[in-house]
Amino acid sequence: MKKEAIKFTIINTSSDTKARYAKMETPHGVVETPMFMPVGTLATVKFLSPEELYTIGSQVILSNTYHCWLRPGHEIIKAAGGLHKFMNYNKPMLTDSGGFQVFSLAKIRDIKEEGVYFKNHLNGDALFLSPELSIQIQNDLGADIIMSFDECVPFPATYDYVKDSVERTLRWAKRGQEAHMRDDQALFGIVQGGKYSDLREYCAKELVKMNFPGYSIGGTSVGEDKPTMYQMVEDGIRYLPIDKPRYLMGVGTVDAIFAGVERGIDMFDCVLPTRIARHGTAMTSMGRINLRNKQYEADFTALDPACDCECCLKYTKAYLRHLIKCNEGLGMRLLSIHNLRFLLHLMEEIRTSIKEDRFLELKETYYKKLDLGKEKAY
RNA sequence: GCGAUGUUGGUGAAGUGGUUAACACGGUAGAUUGUGGUUCUAUUAUGCGUCGGUUCGACUCCGAUACGUCGCC
């Protein structure tokens with residue numbers, strides 16, 4: 001029996017929802033869930049140093065197999081002593097398998113049983129990525145949590161297409177599990193199945209038979225509406241073991257995070273806060289603020305008075321607007337710090353609310369404050 | 001003073017005797033969900049120096065005038 005890389009312990013469970021507060025021990029320390037994981041695709045959370053990430057309360061960050069494979073190459077990172085040493089980040093890390101990138105970046109791709117043939121997005125070189133290679137690269141990168149190589153099916157997709165895809169993703173999960181060589185890395189399985197409840201159920205149940213140390217819900221946030229997405233989460237989560245972490249991939253809006261936690265999700269990641277930061281949008285306790293808007297030209301007040309981040313404590317909206325309008329890196333950096341801090345703080349509040357068994361109350365407060373609900377997104 | 005030439009939006013500028021004046025930048029908004037640091041979408045001149053004329057119709061042709069640029073005395 002393999003030694004488990006992570007140990008997940010539920011501390012409190014919400015009495016009226018499926019939300020839970022837990023601790024997860026990893027080779028690089030203990031983290032608390034539910035949590036939001038900043039995305040650092042190219043072995044960096046764009047613009048932020050590890051120290052800044054610690055300061056804003058980041059626990060786990062993501063990096064990416066596909067991107068690190070292309071640049072600088074997994075051999076380089078392995079030679080550096082792994083991702084942690086390479087980028088000087090000493091908290092837990094997670095790498096995505098590259099499955100999503102094949103879906104999102106490659107214009108030309110050919111999905112076969114053995115893997116995916118595609119042309120890379122940098123120079124068009126013909127490449128081949130398989131479950132075994134993805135795991136091997138992830139073994140070399142050395143993140144605490146690694147992901148199964150899956151197919152993220154487009155939305156919408158026909159039942160027959162999704163069915164075949166799910167079965168292939170399951171075979172790939174098995175192959176990945178067999179290729180996985182390190183017991184200090186936890187390999188998560190990914191539940192796919194599109195919007196089809198029975199396929200989600202089938203996928204979840206089959207993955208559970210393979211006994212992964214954690215599971216994620218994949219294939220959401222690809223164009224479906226909110227109710228559909230929540231249904232997808234429920235359809236998969238229902239069959240997952242209660243005592244293993246659940247990770248909802250690619251989700252990072254406030255409303256979806258509340259909806260996910262309410263349904264028993266422990267981990268989230270999303271590029272949204274950092275991407276919109278680079279384009280001048282801030283997530284604040286008053287809702288989204290687009291700093292490019294003229295109304296902030298001479299607004300010398302703090303971005304979010306309720307926030308304790310460097311950006312909000314030391315700079316004004318007028319200055320941030322100026323930086324963003326001029327395409328200055330400092331503006332992107334400060335807004336990235338802020339948006340991540342906003343979500344990390346939100347997760348802190350969520351964890352506390354679960355501990356104190358008032359999760360729904362917190363959710364109501366946020367929904368009212370941000371005017372969320374139904375189709376209103378944040 | 002004489003000759004040549006030019007005057008189109010916030011900017012750089014296309015353009016044709018005939019419905020809505022190209023394009024780019026800038027401006028103003030919006031988007032962004034297992035990363036696009038430089039992305040995408042929408043919108044942005046009721047007007048082509050001014051005044052007359054020719055014409056069914058003129059930013060486009062003609063004349064005058066203002067201003068600019070170059071050359072000559």
Side-chain angles (χ1 to χ4, degrees), chain A residues 36-48 60-68 70-71 93-105 107 121-122 134 138 143 145-155 169 188-192 214-226 228-230 232-233 246-257 259-260 265 267-283 288-297 321 323-336 339-340 343 377-378:
Chain A
F36 176 80
M37 307 181 287
V39 180
T41 305
L42 275 163
T44 171
V45 175
K46 294 183 195 301
F47 290 106
L48 301 208
V60 178
I61 61 169
L62 258 69
S63 192
N64 186 276
T65 301
Y66 169 83
H67 290 281
C68 289
L70 297 188
R71 293 185 302 190
M93 292 186 61
L94 181 154
T95 45
D96 186 24
S97 66
F100 185 78
Q101 282 59 48
V102 168
F103 155 79
S104 67
L105 292 176
K107 301 245 182 326
H121 71 291
L122 297 176
S134 172
Q138 293 190 78
I145 298 169
I146 65 177
M147 302 304 299
S148 234
F149 185 69
D150 64 334
E151 181 193 356
C152 183
V153 293
F155 183 89
T169 285
F188 280 27
I190 303 177
V191 180
Q192 290 288 353
Y215 299 88
S216 58
I217 308 294
T220 68
S221 286
V222 287
E224 77 283 10
D225 58 25
K226 284 274 155 62
T228 303
M229 182 181 124
Y230 299 159
M232 289 169 160
V233 172
R246 294 87 169 259
Y247 163 26
L248 180 53
M249 307 182 83
V251 168
T253 57
V254 175
D255 48 352
I257 286 174
I265 295 289
M267 304 157 67
F268 300 85
D269 82 282
C270 195
V271 305
L272 192 68
T274 40
R275 176 180 291 168
I276 66 177
R278 274 178 263 122
H279 295 149
T281 302
M283 306 171 85
R288 262 150 90 139
I289 287 182
N290 186 345
L291 283 158
R292 289 190 317 272
N293 289 5
K294 193 172 180 61
Q295 66 179 113
Y296 305 113
E297 192 173 34
R321 173 179 143 93
L323 293 176
I324 289 296
K325 295 289 284 184
C326 298
N327 231 291
E328 282 292 337
L330 180 60
M332 301 180 190
R333 198 174 82 78
L334 290 172
L335 282 189
S336 294
N339 283 353
L340 286 177
L343 282 184
Y378 182 81

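In this text, all values refer to a predicted model and were calculated from it rather than measured experimentally. A, B, ... follow the sequence lines: proteins, then strands. Residue 1 opens every chain.
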Open item on the list: Checking side-chain polar atoms at under 3.5 Å, does A:Thr169 have a donor or acceptor matched by the opposite partner on A:Gln192?
Closed with: no

Open item on the list: Ignoring hydrogens and geometry beyond distance, is a side-chain donor-acceptor pair present between A:Asp255 and A:Thr253 at under 3.5 Å?
Closed with: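 Yes.
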
Give the rounded distance in Å between these two atoms: [atom1] of [X] and [atom2] of [N].
X	N	atom1	atom2	answer
A:Ile257	B:G34	CD1	P	12 Å
A:Met283	B:U32	CE	P	11 Å
A:Leu335	B:U38	CG	P	13 Å
A:Asn293	B:G27	CG	P	13 Å
A:Met332	B:U32	CE	P	19 Å
A:Asn290	B:G30	CG	C1'	8 Å
A:Arg278	B:G37	CZ	P	5 Å
A:Ile289	B:G30	CD1	C1'	16 Å

Among [options], the nucleotide that comes nearest once only the side chain of [X] is considered:
X	options	result
A:Arg275	B:U32, B:A29, B:G37	B:U32
A:Gln192	B:U32, B:G34, B:G27	B:G34
A:His279	B:U33, B:G30, B:G36	B:G36
A:Leu272	B:A29, B:U32, B:G34	B:U32
A:Thr281	B:U32, B:U33, B:G34	B:U32
A:Lys294	B:A29, B:G30, B:U33	B:A29
A:Leu105	B:A29, B:G36, B:U33	B:G36
A:Phe100	B:G34, B:U33, B:U28	B:G34
A:Asn327	B:U33, B:A29, B:U38	B:U38
A:Ser97	B:U28, B:G37, B:G34	B:G34

- [ ] Indicate the ring-plane relationship of A:His67 and A:His121, choosing parallel, tilted or perpendicular according to the 30° and 60° boundaries.
- [x]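 Aromatic pair A:His67/A:His121 classed perpendicular.
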
Rounded distance in Å between the [atom1] positions of [N] and [M]:
N	M	atom1	value
B:U60	B:G18	C1'	11 Å
B:C23	B:A45	C1'	14 Å
B:G57	B:C61	C1'	13 Å
B:U44	B:G10	C1'	11 Å
B:U19	B:G27	P	33 Å
B:U8	B:A13	P	10 Å
B:G68	B:C73	P	23 Å
B:A21	B:A66	C1'	25 Å

Open item on the list: Between A:Glu328 and A:Gly99, which residue's closest nucleotide on RNA chain B lies nearer the 5′ terminus?
Closed with: A:Gly99

- [ ] For A:Val251 and for A:Gly329, find the nucleotide of RNA chain B with the closest heavy atom, then tell me which residue's nucleotide is more 5'.
- [x]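 Whichever sits nearer the 5' end wins; that is A:Val251.
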
If every non-hydrogen atom of [X] is compared with every non-hydrogen atom of [Y], which pair is closest and at what distance?
X	Y	value
A:Asn339	A:Ala277	ND2-CB, 3.5 Å
A:Tyr66	A:Leu105	CE2-CD1, 3.5 Å
A:Met93	A:Ser63	CE-CB, 4.0 Å

TODO: Working to the nearest 0.5 Å, report the span between OG of A:Ser216 and CG of A:Leu248.
DONE: 9.0 Å

Task: Approximate separation, where rounding is to 0.5 Å, of A:Glu297 CD and A:Arg321 CZ - done: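 With rounding to 0.5 Å, CD (A:Glu297) is 5.0 Å from CZ (A:Arg321).
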
Task: Worked verdict on A:Asp269 versus A:Tyr247 for side chain to side chain donor-acceptor pair (under 3.5 Å) - done: CA-CA 8 Å; A:Asp269 82 282; A:Tyr247 163 26; 2.7 Å; yes

TODO: Among A:Thr220, A:Ile217, A:Val233, find the residue that satisfies the side-chain contact (heavy atoms from CB on, under 4.5 Å) test when tested with A:Val191.
DONE: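 One option only clears the test, and that one is A:Ile217.
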
- [ ] Output yes when at least one side-chain N/O atom of A:Lys46 is less than 4.0 Å from OP1 or OP2 of B:U38, else no.
- [x]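 Checking B:U38 against A:Lys46, no side-chain N or O comes under 4.0 Å of OP1 or OP2.
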
TODO: Would you indicate what A:Phe47 reaches in the nucleic acid, counting non-hydrogen atoms under 4.0 angstrom: base, sugar-phosphate, or nothing?
DONE: base

Open item on the list: Base, sugar-phosphate or nothing for A:Gly219? Non-hydrogen atoms, less than 4.0 Å.
Closed with: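 A:Gly219: base contact, heavy atoms under 4.0 Å.
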
Open item on the list: As a test of your reading of the structure, name each stem of RNA chain B as range with range, where a stem is three or more consecutive Watson-Crick or G-U pairs at under 3.5 Å.
Closed with: B:1-7 with B:66-72, B:10-12 with B:23-25, B:26-31 with B:39-44, B:49-53 with B:61-65

Open item on the list: Is it the case that B:G34 (base atoms only) and A:Asp150 (side chain only) share a donor and an acceptor within less than 3.5 Å, ignoring hydrogens and angles?
Closed with: yes

- [ ] Pull up the glycosidic torsion of B:G36 and say syn or anti, syn being anything within 90° of 0.
- [x]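 Base orientation relative to the sugar is syn.
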
